[in-house]
Amino acid sequence: MTAPEAVAAAVDEQRLWSRHEALARFGATPRGGCNRQALSDEEFAARRQMLEWAAPLGLEAAHDPAGNLFLRLPGREPRLPPVLSGSHLDTQPTGGKYDGIFGVLAALEAAEAMRAAGFVPRRPIDTVVWTNEEGSRFAPGMTGSEAFTGMRTLEQVSAVQDAAGITVGSELARLRAAFPEVPTRPLGFPVAAFVEAHIEQGPALEAAGLPIGIVTGIQGKKTYRVRVVGEEAHAGTTPRHARRDALRTAAAIIDALYAAVVDADDTVRFTVGRLVVLPNAPSVVPGEAVLSIDLRHPEAAPLDEFGRIVTETCRRLASPCEVAVEPLIDAPPLAFPEEMRALIRNAADRLRLPYMDLPSPAGHDARNLHYVCPTGMVFVPCAKGISHNEAEAATPTDLAAGARVLAAVLAELATRD
Ligand SMILES: [Zn+2]
């Protein structure tokens with residue numbers, strides 16, 4: 001048996017499962033899910049539980065200024081850049097027990113399995129908890145991985161406020177005060193590789209009956225805010241020719257876009273999820289309508305083409321109102337390096353765990369790490385593909401299979417030059 005295989009064999013399915021159950025108590029909802037907002041007391045409690053599990057393993061804990069938590073398994077050559085693995089502990093308000101949590105616990109399980117197998121890596125291996133991935137309490141999300149990789153500055157992320165006006169910065173100060181025993185590590189450092197394990201959040205693996213997904217990449221995303229400005233008028237006295245009805249124009253734009261943003265293989269994702277009408281009164285012709293557009297595709301060229309259709313359609317159908325299209329997010333599609341995918345594939349092969357390649361429709365912290373180090377992702381199935389939902393479910397066997405593949409891959413990466 002090779003060292004990665006011995007490490008994989010030491011993954012303990014029952015321990016991994018019971019830790020998911022244990023973390024689910026922090027922010028548990030009546031319907032069996034989790035509401036654990038970023039940098040809340042509940043999330044602090046989950047971090048404390050992670051520290052309690054890490055301590056007997058001799059993992060070295062550190063926070064960085066963005067609140068990312070690192071639990072380091074020391075390597076034989078401590079000066080080498082570490083291998084990182086992890087995800088997030090925050091959830092949506094009606095979230096589940098596995099989104100993010102699995103990636104953190106699988107990385108911790110890999111470290112525990114290495115200890116159990118007597119495997120000492122050459123490079124350090126950090127289990128990492130990224131701050132505020134979900135963007136639920138503090139929008140936008142991916143705070144920790146964006147600050148770590150320099151996508152946003154610490155000043156930028158610190159200024160973000162929640163609905164109550166509390167800033168990320170003040171909650172980061174509260175985090176430092178709550179964990180005085182955890183030393184601070186500088187923000188951002190060289191990383192040898194990053195691997196994130198995650199539930200699929202889609203139905204493909206379950207439908208195929210396969211425990212392992214090798215993630216080919218993350219689909220691209222563009223979002224827009226479209227503001228339609230007309231003129232408020234009396235519903236009873238204003239004739240049709242004199243109206244500049246913002247809702248009517250918005251409805252025409254939405255209808256046209258749903259007809260235009262389509263493809264033969266049903267790959268593009270187009271959503272108008274929000275429509276705000278002013279003054280939203282039954283007897284007033286609407287003076288203003290603001291709608292949100294969320295557009296996604298795994299390939300750059302079609303994504304750009306559909307983006308062009310969005311702006312062109314809004315311009316074409318604006319009259320008699322005025323329409324302003326404000327681009328918000330423009331995240332291009334990305335492909336993880338074939339070398340990382342091959343490592344994951346080889347590990348699954350050696351462990352006789354069947355797999356398939358698949359893209360990630362959702363964004364993850366791995367998107368940001370991809371731009372600073374070789375990055376890969378391992379998916380495991382979740383029931384019916386349901387996620388961001390209290391009913392999110394996964395099986396102990398599938399979670400353990402994912403953790404085994406992850407442990408073998410980390411052991412391999414931590415041995416290389
Ligand atoms: Zn997640």
Side-chain angles (χ1 to χ4, degrees), residues 16 19-20 23-24 26-27 29 33-40 42-43 46-47 50 66-69 84-109 127-149 151 194-206 212-213 215 217-219 221 269 294 296 329 331 334 336 358-370 375-394 398-399 402-403 406:
L16 180 62
R19 284 180 176 170
H20 282 85
L23 284 187
F26 305 115
T29 59
C34 284
N35 177 10
R36 194 165 52 242
Q37 297 300 310
L39 301 173
S40 64
E42 293 78 17
E43 201 224 11
R47 288 169 185 251
M50 290 296 296
N68 299 313
L69 173 62
L84 262 58
S85 182
S87 193
H88 57 96
L89 292 176
D90 65 316
T91 73
Q92 293 289 331
T94 52
K97 301 175 183 174
Y98 307 99
D99 172 5
I101 293 85
F102 168 60
V104 171
L105 289 177
L108 180 68
E109 184 61 34
T127 294
V128 55
V129 177
W130 301 113
T131 300
N132 185 41
E133 191 272 349
E134 295 288 1
S136 165
R137 178 182 177 195
F138 297 106
M142 308 234 187
T143 298
S145 58
E146 288 197 352
F148 182 86
T149 56
M151 305 288 171
F194 176 67
V195 186
E196 181 168 2
H198 208 282
I199 58 168
E200 183 198 338
Q201 302 182 289
L205 290 175
E206 185 183 56
I212 300 295
V215 183
I218 298 180
Q219 75 175 344
K221 174 178 176 178
R269 300 283 177 265
D294 181 308
R296 308 188 197 207
I329 293 173
L334 65 84
F336 292 127
L358 78 179
S360 172
H364 298 285
D365 291 306
R367 164 180 281 287
N368 295 318
L369 275 294
H370 169 75
T375 294
M377 287 192 78
V378 182
F379 274 172
V380 296
C382 59
K384 300 190 184 78
I386 292 170
S387 185
H388 286 188
N389 188 311
E390 291 162 287
E392 191 178 271
D398 287 340
L399 297 180
L406 180 71

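Note that ligands are numbered from 1 as they come in the structure, with each ligand's atoms numbered from 1 the same way. Just so we're clear, the structure is a prediction, and the values are computed from it rather than from any experiment.
The distance cut-off of 2.8 Å around the Zn ion (ligand 1) captures these protein N, O or S atoms, sorted by chain and number: His88 NE2, Asp99 OD1, His198 NE2.
Among Val378, Val380, Leu406, the one residue that satisfies the side-chain contact (heavy atoms from CB on, under 4.5 Å) test with Phe102 is Val380.
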Applying side-chain hydrogen bond (donor to acceptor under 3.5 Å, both in side chains) to His88 and Asp365, what does each step give before you reach the verdict? CA-CA 8 Å; His88 57 96; Asp365 291 306; 5.4 Å; no
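Listed here is the closest heavy atom pair of Ala46 and Leu23: O-CD2, 3.9 Å.
Residue pairs satisfying the salt bridge (Lys or Arg N to Asp or Glu O under 4.0 Å) criterion with at least one member in residues 128-147, sequence neighbours excluded, are listed as follows: Arg137-Asp162, Arg137-Glu171, Glu146-Arg152.
The side-chain hydrogen bond (donor to acceptor under 3.5 Å, both in side chains) search around Glu390 returns Thr29, not counting sequence neighbours. Residues meeting the side-chain hydrogen bond (donor to acceptor under 3.5 Å, both in side chains) test with Asn35, sequence neighbours left out: Gln37.
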